[in-house]
There are 2 protein chains.
Amino acid sequence: MEKHRSFCPVNLTLEVFGDKWSLIIIRDIMFEGKRYFRELLQSEEKIASNILTDRLVMLEREGIISKADDPGHKQKYIYSLTEKGIDLLPIMVEIGAWSIKHRPVDLKKHKHAVDLVKGGKELQKEIRKDLVKQHIK
Amino acid sequence: MEKHRSFCPVNLTLEVFGDKWSLIIIRDIMFEGKRYFRELLQSEEKIASNILTDRLVMLEREGIISKADDPGHKQKYIYSLTEKGIDLLPIMVEIGAWSIKHRPVDLKKHKHAVDLVKGGKELQKEIRKDLVKQHIK
DNA sequence: AAAACCAGTTGCATTTTGCAATTTGTTTTG
DNA sequence: CAAAACAAATTGCAAAATGCAACTGGTTTT
């Protein structure tokens with residue numbers, strides 16, 4: 001039985017990403033190239049394995065990522081972004097822009113984020129193309 | 001003593017907005033023209049008064065909104081967006097766009113959101129100007 | 001003077017999160 | 001082949017956040 005607090009666009013997004021971890025996972029898959037549980041566990045912010053499990057299940061249920069067996073390693077799974085997940089790129093970029101302007105971002109450590117924000121729609125389009133290549137089919 | 005999980009742009013944004021309510025409040029101030037506690041309490045999603053109090057304090061502490069006495073009503077306070085708050089507009093628009101594309105948004109009820117997304121950067125610039133006029137100085 | 005309004009506050013039950021240890025099975029190493 | 005390391009979780013439990021309803025002290029309206 002699915003239930004929504006409302007059918008407002010902002011709310012419907014918060015119902016998926018309104019927590020401290022979901023977008024961290026998306027960030028690591030999208031920008032750090034992480035594809036495995038163990039890799040995602042290594043985030044700078046130190047996500048706990050039970051939370052990671054919970055979020056991966058939720059993100060898969062919501063159609064934002066997909067999970068597939070790793071060919072050649074029976075107990076490994078590879079996580080991919082779906083198109084719905086890749087479509088989060090513009091949100092991530094705007095979040096980056098706001099954060100760089102208004103929060104104490106470590107600019108040296110996150111130069112790639114600065115570049116992405118400065119790169120505009122053209123760079124975004126390229127990154128999107130790479131993501132599609134890496135994640136979709 | 002302030003402490004961050006990391007100095008990544010995405011994380012630093014989540015440290016402020018990584019919950020189910022903060023952006024709902026921003027939405028109501030930004031797009032619904034709400035300025036008072038009682039008005040914000042009337043959100044469609046039914047925020048509880050203690051949560052609202054908590055988030056307004058946090059958002060003010062983070063410099064995203066400001067709180068001022070209402071002239072001519074001793075116990076009323078008026079909440080305004082700061083420039084930092086108004087700068088969230090592009091994030092809200094991208095959230096709206098993603099949600100309209102991928103989540104079960106009620107398009108009839110939220111036609112203004114559809115318009116905003118379709119309006120592009122020009123409309124966004126106008127809305128920004130209105131917000132500055134209404135909220136800053 | 002009474003009723004309604006205002007911005008919260010309080011108390012308490014439920015839910016979510018955080019952390020460390022453990023589990024079940026699979027690969028790799030010596 | 002046996003032992004160690006790796007993989008994706010699961011479990012148990014304490015702490016923090018959330019949700020809900022009732023209440024508070026004061027102000028404005030009727």
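Proteins come first, then strands; the chains are lettered A, B, ... in the order of their sequence lines, and each starts at number 1.
- Sorted by first and then second residue, the pairs that involve residues 38-47 of chain A and meet side-chain hydrogen bond (donor to acceptor under 3.5 Å, both in side chains), not counting sequence neighbours, are R27(A)-E45(A), E44(A)-K109(A), E45(A)-S6(B).
- In this structure, W21(A) contributes its side chain and A48(A) its backbone to no donor-acceptor pair below 3.5 Å.
- Considering only side-chain atoms of I51(A), the nucleotide from dA7(C), dG19(D), dG18(C) that sits closest is dG18(C).
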Letter per nucleotide, 5' to 3', of nucleotides 11-17 of chain D [B base touched, S only sugar-phosphate touched, - untouched; heavy atoms, 4.0 Å]: BB-----
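- Applying the side-chain hydrogen bond (donor to acceptor under 3.5 Å, both in side chains) rule to pairs touching residues 112-124 of chain A yields K111(A)-D115(A), sequence neighbours excluded.
- Side-chain N or O atoms of K74(A) include none that pairs as donor or acceptor with a backbone N or O of D69(A) at under 3.5 Å.
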Using the 3.5 Å cut-off, write out each protein N or O paired with an N or O of nucleotides 28-30 of chain D and the distance between them.
| residue | atom | partner | partner atom | Å |
| --- | --- | --- | --- | --- |
| dT28(D) | OP1 | K74(B) | N | 2.8 |

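- Residues that satisfy the side-chain hydrogen bond (donor to acceptor under 3.5 Å, both in side chains) test with Y36(B), not counting sequence neighbours, are D70(B).
- Axis angle, first five pairs versus last five pairs of the helix from dA1(C)-dT30(D) to dG30(C)-dC1(D): 10°, rounded to 10°.
- T82(B) is linked by a side-chain hydrogen bond (donor to acceptor under 3.5 Å, both in side chains) to nothing, counting only residues two or more places apart in sequence or in another chain.
- Within a heavy-atom distance below 4.0 Å of DNA chain C, no residue of residues 8-17 of chain B is found.
- As judged by a 4.0 angstrom heavy-atom cut-off over every strand, K67(B) is placed among residues touching the sugar-phosphate backbone only.
- Contacts of H102(A) classified as side-chain hydrogen bond (donor to acceptor under 3.5 Å, both in side chains), with partners at least two apart in sequence or in another chain: D87(B).
- With sequence neighbours left out, the side-chain hydrogen bond (donor to acceptor under 3.5 Å, both in side chains) criterion links S22(A) to D19(A).
- For residues 55-88 of chain B, there are no ring pair (Phe, Tyr, Trp, His ring centres under 6.0 Å) pairs, not counting sequence neighbours.
- Across residues 23-40 of chain A, not one residue has a non-hydrogen atom less than 4.0 Å from an atom of DNA chain C.
- Within the 3.5 Å criterion, the main-chain N or O of L40(B) finds no donor-acceptor partner in the side chain of K34(B).
- Candidate nucleotides dG19(D), dA8(D), dC19(C) were compared by shortest atom distance to the side chain of A48(A), and dC19(C) ranks first.
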